[in-house]
Amino acid sequence: MYRLTRPFHLKIFIITVLLLFAGLLSAEEKEGNKNIRNITPYVGVLRCDYEGGDIEKDDNSVMSGLYLQWINPDLFQINSFIYGSGDMFNETFIGFHIMGDWYIKHPENGKWALGAGFEYLKPDVDISTEEAGTVTRVDIKNNIYIPFVRGGRYFNFDIGETSSFMIFHWAGYQMAISRGDGDVTITHTIPPPPPTTADAGYEDETSYAITGLKLGLNLMRIIDLSIKYKAAMNSEDFFNTVDTMANFYFTRNLGVSFRHKFSENNFCKIDYSIFGINYSF
């Protein structure tokens with residue numbers, strides 16, 4: 001069953017309304033202005049498979065999110081996405097990323113880019129299990145910080161006068177910095193001795209080589225499709241991320257958006273499908 005917890009989603013709604021209002025105030029077109037700004041509130045379903053120590057659990061819930069993007073095709077692009085659920089493993093799940101690319105050279109059929117970004121995940125867990133008269137409650141607070149840098153090249157291809165195809169291949173480096181603490185409480189129901197509680201904390205820092213590929217297709221400036229793949233690897237681990245998006249525009253400023261993402265890290269596998277309304281100005 002998918003569960004909706006109001007406070008987190010209400011905050012997303014309020015922020016969206018404020019940003020849309022600000023966008024309307026600044027939406028006047030200026031001569032030669034190439035800036036494109038996108039605001040997209042999303043809602044959908046989030047699934048998380050958690051694997052930490054001896055704990056393996058999965059859960060799903062309704063999620064909401066807010067995507068922001070600012071593009072100048074000749075100079076840069078920057079985007080951010082905050083999303084979460086108020087009831088994942090009986091806790092609040094929060095995800096956030098922000099990243100930007102600076103376009104440094106412009107060969108005839110594309111451009112070179114240097115970029116950097118930061119991702120934050122907070123997959124907290126509060127679960128209980130019961131077996132043979134023993135109830136075990138695990139309450140874990142996780143914080144995962146992922147800074148990264150990358151560089152790559154865009155290849156752009158025109159398809160007629162109103163459509164285009166794009167390839168962006170890149171490589172880089174990232175750190176995964178994990179911090180957390182947990183409480184484990186064991187209660188014996190038969191016989192009934194006092195509960196046993198243990199506290200534990202952890203710290204971990206791991207570096208990865210990263211590489212990725214993005215394919216994008218724009219048809220008649222009405223349909224915008226993309227798929228992105230990222231691999232993070234070192235001598236011990238190999239993690240995949242796949243992100244697909246489809247945007248359909250009714251007018252120059254308004255459209256609908258669908259996204260699906262699957263990603264892996266040391267603690268969990270995250271999978272979400274979301275639908276949103278995109279406003280461009």
Side-chain angles (χ1 to χ4, degrees), residues 5 7-20 22-23 35-48 60-72 76-86 88 92-102 113 115-124 142-150 168 170 172 174 176 210 212 214 216 224-230 232 239-248 255-265 267-281:
T5 301
F8 185 87
H9 305 285
L10 182 60
K11 292 176 183 177
I12 291 293
F13 175 77
I14 293 172
I15 294 172
T16 301
V17 171
L18 292 174
L19 288 170
L20 286 174
N35 291 312
I36 303 169
R37 304 170 187 87
N38 295 303
I39 300 173
T40 314
Y42 285 101
V43 65
V45 177
L46 171 69
R47 177 183 175 86
C48 180
N60 52 60
S61 178
V62 170
M63 66 165 277
S64 61
L66 181 63
Y67 179 79
L68 307 173
Q69 186 178 42
W70 183 8
I71 304 171
N72 184 308
F76 65 86
Q77 77 85 24
I78 183 170
N79 68 79
S80 68
F81 185 41
I82 181 171
Y83 61 95
S85 168
M88 178 69 70
T92 298
F93 180 99
I94 297 174
F96 170 75
H97 87 248
I98 184 168
M99 69 160 300
D101 290 311
W102 176 38
F118 174 80
E119 184 174 5
Y120 171 70
L121 296 171
K122 187 172 177 58
D124 293 344
N142 295 299
N143 293 279
I144 305 172
Y145 310 92
I146 307 174
F148 63 90
V149 293
R150 71 178 186 178
F168 177 39
W170 56 269
Q174 80 174 27
I210 54 175
K214 177 181 178 180
D224 193 17
L225 308 174
S226 69
I227 180 169
K228 295 184 286 186
Y229 173 76
K230 171 187 171 183
F239 297 123
N240 299 285
T241 299
V242 181
D243 191 347
T244 59
M245 182 172 65
N247 294 331
F248 303 90
V256 295
S257 179
F258 173 80
R259 297 185 69 167
H260 177 82
K261 183 175 182 178
F262 170 81
S263 64
E264 300 174 309
N265 59 55
F267 293 95
C268 58
K269 297 178 182 178
I270 300 169
D271 191 320
Y272 61 70
S273 298
I274 51 179
F275 173 84
I277 304 297
N278 182 68
Y279 175 67
S280 300
F281 60 97

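- Between the CZ atom of F93 and the SG atom of C48 there is a distance of 5.5 Å, given to the nearest 0.5 Å.
- Here the two rings, on Y279 and F281, have centers that are under 6.0 Å apart.
- To the nearest 0.5 angstrom, S64 atom OG is 12.0 Å from Y83 atom OH.
- Judged purely by atom type and a 3.5 angstrom limit, E119 has no side-chain atom pairing as donor or acceptor with the backbone of H97.
- To the nearest 0.5 Å, atom OH of residue Y42 and atom OG1 of residue T40 are 4.5 Å apart.
- Scored by the salt bridge (charged side-chain N to carboxylate O under 4.0 Å, His left out) test, R259 finds D243 as partners (sequence neighbours excluded).
- With sequence neighbours excluded, no residue forms a salt bridge (charged side-chain N to carboxylate O under 4.0 Å, His left out) with K269.
- Across T241 and K261, no two heavy atoms sit closer than the pair CG2-CE, 3.7 Å.
- Atom CD1 of I210 and atom CZ of R150 lie 8.0 Å apart (nearest 0.5 Å).
- Considering only heavy atoms from C-beta on, I36 stays 4.5 Å or farther from Q69 through its side chain.
- A heavy-atom distance below 4.5 Å is not found between the side chains of S61 and L46.
- Contact check for N278 versus F248: no side-chain heavy atoms found under the 4.5 Å cut-off.
- Under 3.5 Å, the side chains of D224 and S226 contain no donor-acceptor pair of N or O atoms.
- From S263, atom OG reaches atom CG of L121 across 7.0 Å, with rounding to the nearest 0.5 Å.
- In this structure, the side chain of H260 engages the main chain of Y272 through a donor-acceptor pair within 3.5 Å.
- Y145 pairs by the side-chain hydrogen bond (donor to acceptor under 3.5 Å, both in side chains) definition with nothing, not counting sequence neighbours.
- Smallest separation of non-hydrogen atoms from F96 and S80: CE1-CB, 4.3 Å.
- The shortest heavy-atom contact between S85 and V62 is OG-O, 3.2 Å.
- The distance from atom CZ of F76 to atom CG of D101, rounded to the nearest 0.5 Å, is 11.5 Å.
- When only modelled atom types and interatomic distance are considered, N38 and Y67 share no side-chain donor-acceptor pair under 3.5 Å.
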